[in-house]
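This report refers to the structure that appears directly beneath it.
Everything quoted here is computed from the prediction, not taken from an experiment.
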Amino acid sequence: MIFSKDGNRLVARHQGERLMIEPWGTDSLRVRATRYMDYTGRDWALGEEVPDTGRRSVIEINEGSIPDGYTGGMIDKCATITNGRICAKINVAGVLSFFRDGRLILREYYRNYLGTESKESCCLKIVGRDYKPIIGGDYGLTVRFESNDSEKIFGMGQYQQPYLDLKGCVLEMAQRNSQISIPFAVSSLGYGFLWNNPGVGKVSFGKNYTEWHMEATKEMDYWITVADTPAAIVEQYTAVTGRAPMIPDGLLGLWQCKLRYRTQEEVLSVARKYHELGIPLDVIVIDFFHWTRQGDWQFDREYWPDPKAMCDELHAMGTKVVVSVWPSVDRKSINFHELYSRGLLIQTERGSIQTYDFQGDCLEIDVTNPEAREFLWEKCRQNYLDFGIDMFWLDNIEPDYAVYDYDNYRYAMGCALEVSNLYPQMFAKTFCDGFTSLGREKEMLFLTRSGWAGNQKYSSLIWSGDVPSTFESLRDQLSAGLNMGLAGIPWWTTDIGGFMTADWSAPEFKELLLRWFEFAVFSPILRLHGDRGPHNIPPLSDKDYGGGSLYTGQSNEMWSYGEDAFAVMKKQLDLRLSLKPYIEGLMREASETGAPLLRTMFYEFPDDAKCWELSDQYMFGPAYLVAPILSAGETARDVYLPEGNWQNINDKTEYAGGQTVRCDAPIDVIPVFKKLS
């Protein structure tokens, strides 16, 4: 191992590998390694400018002797780089170790002769950074770290599982409908770790060791930071990856949506009824197949004859309008041939050129190509924004493939195995850049079904995808939302009631809907949406295309489920509206520090050991402790109150903290406590 300095960087070379460690933000380091002659030069998620104070380092190279690796003797030759409170050490065998204030927090897993810390297991010949050449291509890469039995791991985006603590979990790093890979982990040992690579792979937070694996890549790239609290870790992470802007005005009340409003008149009739009932409707959402064919990116004028008049009337009622945009392009679309001839669609490596098959023979636009982004934006500007549409719903932007064979797709930026996870970010960037070019950046918010590290800076309101309408799914969304917040995404929401409902009239679904609504009151955005079965409503047209041809779900407005359900939702909506000044403050904090609105208990109370064990209650900002009802038929539950004084907002009873209390939860409320001191 040959060590050298390159300005403020520590450089090491060994057996064809080049490794570079450099300061990158407060108490943080970026680590890259490659077997090529040089690095790619891509910063990926680390796109924010780092002040000079975050690029200073102290580098020491020790040229001591190298004992025989077979004897198990200590190896003295090493190099260290220090940036504030974090220090990285690399020994002569290339084994990396990281320290916070001198205490070991993370070390590569290495079981080989030279450089092992003990004689045990050295014959395994396992190294920490393992490159496997791909014939005719780049490298598969596996990076291993030692595990710590006492460590808990959080973040990493959204996975449909109940586990908040990810220790022991295996996570696919790939985008799918309802799965969002944001590879930033927060450790209970006081560090944050970003796997700064948008390729497809997996991470295993095993009991014996942690393993990050990439199917194909040109280099290893990760970033590590240290701090005393999870809040400080997230703040340092969002300082280098970006933060959400301040949310636009008028979006913190009710969002109304369903699968799907089929006509202009349906949308207006719903908004008019809310107006007549005196219920403020902040946003109404127009879902898919308001178009003629996928990839037309325009209204079907048979059913939407005057979009501008529609928007004008909705605006007069104080309601903003969102319209759905998909990446899919039907071969019969008016835009297909131009996009195809210009090479602006995702390509396949073999077989059919089709990549998506829902309601048509489709390809998908390649937004990793700047030309494709410009094309898409211009169509949406002309056909939506110019009519008065306020915001865009960027749906299916994983992108959703007919088959998730990532090795069969190629983008302008590279093969899907190397860059696919970046696609939803580029989709959001398309619209962010478009609004910015018009000087309308303060109006931006994009409802998106996927994202990657740093998506928050592209005004992305990410929702949890097409999840089932079950209590088990509701439980999963709680863990998903909390881990998304720790992964730097403060704007997050769900379909209230879940997306897929077999029978909207079933009493058990109504119970679920109300419990989900009560949870959503204490989330960043309150949004009614779902595909309410059964699909027994006749289509508007017998054509095989256009907005009248596709099915629609049952009604999904507040009044759709009977008077009793309406009364509960109205009560909860009034509570939400009373909280708007508080939520605005949380949104401002998110834009300034990266703090999520949904917070794990340990985020607010890191010194309380019990809070690190809780996964079924959370903090909504610093003031409200929320304990949602997550099981059918449950009308009471236990709630742990940390130190301080607390008031149950439902019955106004006050409690001293440091205890677990039993709380009633009739169908119209969930336990919520306000922190008094």
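A donor-acceptor contact shorter than 3.5 Å links the side chain of Asn177 to the backbone of Asp466. Between the side chain of Asp390 and the main chain of Val321, a donor-acceptor pair closer than 3.5 Å is present. Formation of a donor-acceptor pair under 3.5 Å by the Asp165 side chain with backbone atoms of Ile153 is found in this model. Of the possible polar contacts, none joining the Glu146 side chain to the Tyr209 backbone as a donor-acceptor pair under 3.5 Å is found. No donor-acceptor pair closer than 3.5 Å links the side chain of Arg515 to the backbone N or O of Phe471. Of the possible polar contacts, none joining the Ser450 side chain to the Gln175 backbone as a donor-acceptor pair under 3.5 Å is found. The backbone N or O of Gly253 lies less than 3.5 Å from a partner atom in the side chain of Asp282, making a donor-acceptor pair. Not a single donor-acceptor pair under 3.5 Å links the side chain of Glu215 to the backbone N or O of Gly199. When atom types are taken as modelled, the side chain of Asn421 and the backbone of Met173 share a donor-acceptor pair closer than 3.5 angstrom. Checked by atom type and distance alone, the side chain of Ser460 never pairs as donor or acceptor with a backbone atom of Ile462 at under 3.5 Å.
Within the 4.5 Å cutoff, side-chain heavy atoms of Phe602 are placed close to those of Pro230. Under the 4.5 Å side-chain criterion, counting only non-hydrogen atoms from C-beta, Met619 is not in contact with Val626. Counting heavy atoms from C-beta on, the side chains of Lys457 and Glu48 come closer than 4.5 Å. Contact check for Thr600 versus Leu164: side-chain heavy atoms found under the 4.5 Å cut-off. Within the 4.5 Å cutoff, side-chain heavy atoms of Val226 are placed close to those of Ile105. Annotation: side chain of Gln161 is in contact with side chain of Leu166 (closest heavy-atom distance under 4.5 Å). No side-chain heavy atom of Val322 sits less than 4.5 Å from a side-chain heavy atom of Phe392. Contact of the Ser147 side chain with the Lys167 side chain is registered, since non-hydrogen atoms from C-beta on lie closer than 4.5 Å.
Note that Arg599 lies outside the cation-pi zone of Tyr618, set by a 6.0 Å cut-off to the ring centre and a 45° limit from the axis.
With hydrogens and angles left out, the side-chain atoms of Gln256 and Tyr274 include a donor and acceptor closer than 3.5 Å. Side-chain contact annotation: Glu151 with Tyr191, donor-acceptor N/O pair under 3.5 Å present. Of the N and O atoms on the side chains of Arg243 and Thr238, at least one donor lies less than 3.5 Å from an acceptor on the other residue. Inspection of the Ser420 and Glu398 side chains reveals no N or O donor paired with an N or O acceptor under 3.5 Å. There is no side-chain donor-acceptor pair under 3.5 Å between Tyr404 and Glu172. For Arg260 and Thr552, the side-chain atoms include no donor-acceptor pair closer than 3.5 Å. Ser473 and Gln477 are linked by a side-chain donor-acceptor pair at a separation below 3.5 angstrom, with hydrogens and angles left out of the test. Between the side chains of Ser555 and Ser560, not a single donor N or O lies within less than 3.5 Å of an accepting N or O. Looking only at atom types and distance, the side chain of Arg475 has a donor-acceptor partner in the side chain of Ser615 under 3.5 Å away. Side-chain contact check for Ser677 and Asn645: at least one donor-acceptor pair (N or O, by modelled atom type) lies under 3.5 Å.
Between the CG atom of Leu597 and the OG atom of Ser523 there is a distance of 9.0 Å, given to the nearest 0.5 Å. With rounding to the nearest 0.5 angstrom, the OG atom of Ser28 is 5.0 Å from the CD atom of Gln236.
Relative ring orientation between Tyr237 and Trp223 is described as tilted, the plane-to-plane angle lying within the 30° to 60° band. Note on ring orientation: taking the six-membered ring where Trp is involved, the planes of Tyr561 and Trp504 are perpendicular (angle over 60°, cut-offs 30° and 60°). Using bins of under 30°, 30° to 60° and over 60° for the plane-to-plane angle, the ring pair Phe431/Phe427 lands in the parallel bin. Relative orientation of the Phe193 and Phe145 rings is perpendicular, given thresholds of 30° and 60° on the angle between their planes.
Minimum heavy-atom separation, Ile525 to Leu251: CD1-O, 3.4 Å. Taking every heavy atom of both residues into account, Ala480 and Gln158 meet most closely at CB-CG, 3.6 Å. Taking both residues in full, the closest heavy atoms of Asn196 and Ala45 are given as OD1-N, 3.0 Å, listed atom of the first, atom of the second, then distance. Here the shortest heavy-atom pairing between Asn556 and Arg532 reads OD1-NE, 3.0 Å. In terms of heavy-atom proximity, Ala627 sits nearest to Val639 at CB-CG2, 3.6 Å. Annotation for Pro245 and Ser459: closest pair CG-OG, 3.4 Å, computed over non-hydrogen atoms.
Counting heavy-atom neighbours within 6.0 Å of Lys202 NZ, excluding the residue itself, gives a total of 12 or less. Residue-environment remark: CG (Asp503) exceeds the threshold of 12 foreign heavy atoms within 6.0 Å. Within a 6.0 Å sphere centred on NZ of Lys674, heavy atoms belonging to other residues, nucleotides or ligands number 12 at most. Atom CG of Asp249 is surrounded by 12 or fewer heavy atoms from other residues, nucleotides or ligands within 6.0 Å.
Only one option out of Trp255, Trp463, Trp393 pairs with His529 in a ring-ring contact (aromatic ring centres under 6.0 Å, His included); it is Trp393. Of the candidates Phe673, Tyr640, Trp646, Phe673 is the only one forming a ring-ring contact (aromatic ring centres under 6.0 Å, His included) with Tyr655. A ring-ring contact (aromatic ring centres under 6.0 Å, His included) with Phe205 is found for one member of Trp212, Phe154, Tyr163, Tyr159 and no other, namely Trp212.
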So Ile247 and Leu445, side-chain contact (heavy atoms from CB on, under 4.5 Å) or not? Walk me through it.
CA-CA 7 Å; Ile247 199 166; Leu445 182 146; 3.8 Å; yes

Could you go through Arg100 and Asp228, starting from their C-alpha distance and side-chain angles, then the distance that decides it, and tell me whether this counts as side-chain contact (heavy atoms from CB on, under 4.5 Å)?
CA-CA 10 Å; Arg100 188 189 83 171; Asp228 291 330; 4.1 Å; yes

So Thr494 and Trp516, side-chain hydrogen bond (donor to acceptor under 3.5 Å, both in side chains) or not? Walk me through it.
CA-CA 9 Å; Thr494 64; Trp516 209 308; 2.9 Å; yes

Quick one, Thr241 with Gln456, criterion side-chain hydrogen bond (donor to acceptor under 3.5 Å, both in side chains). Give me CA distance, side-chain angles, the key distance, then yes/no.
CA-CA 9 Å; Thr241 60; Gln456 62 273 5; 3.2 Å; yes

Determine whether Arg637 and Asp616 satisfy the following criterion, salt bridge (Lys or Arg N to Asp or Glu O under 4.0 Å), listing intermediate values before the conclusion.
CA-CA 11 Å; Arg637 60 158 293 174; Asp616 63 349; 3.2 Å; yes

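The residues Asp287 and Lys258 are annotated as not salt-bridged, no charged nitrogen and carboxylate oxygen being separated by less than 4.0 angstrom. Ionic pairing of Asp400 and Arg449 is present here: one or more N-O contacts between side-chain nitrogen and carboxylate oxygen are shorter than 4.0 angstrom.
If you look at Phe288 and Trp326, their ring centroids are closer than 6.0 Å. Taking the six-membered ring where the residue is Trp, the centroids of Phe566 and Trp559 are separated by 6.0 Å or more.
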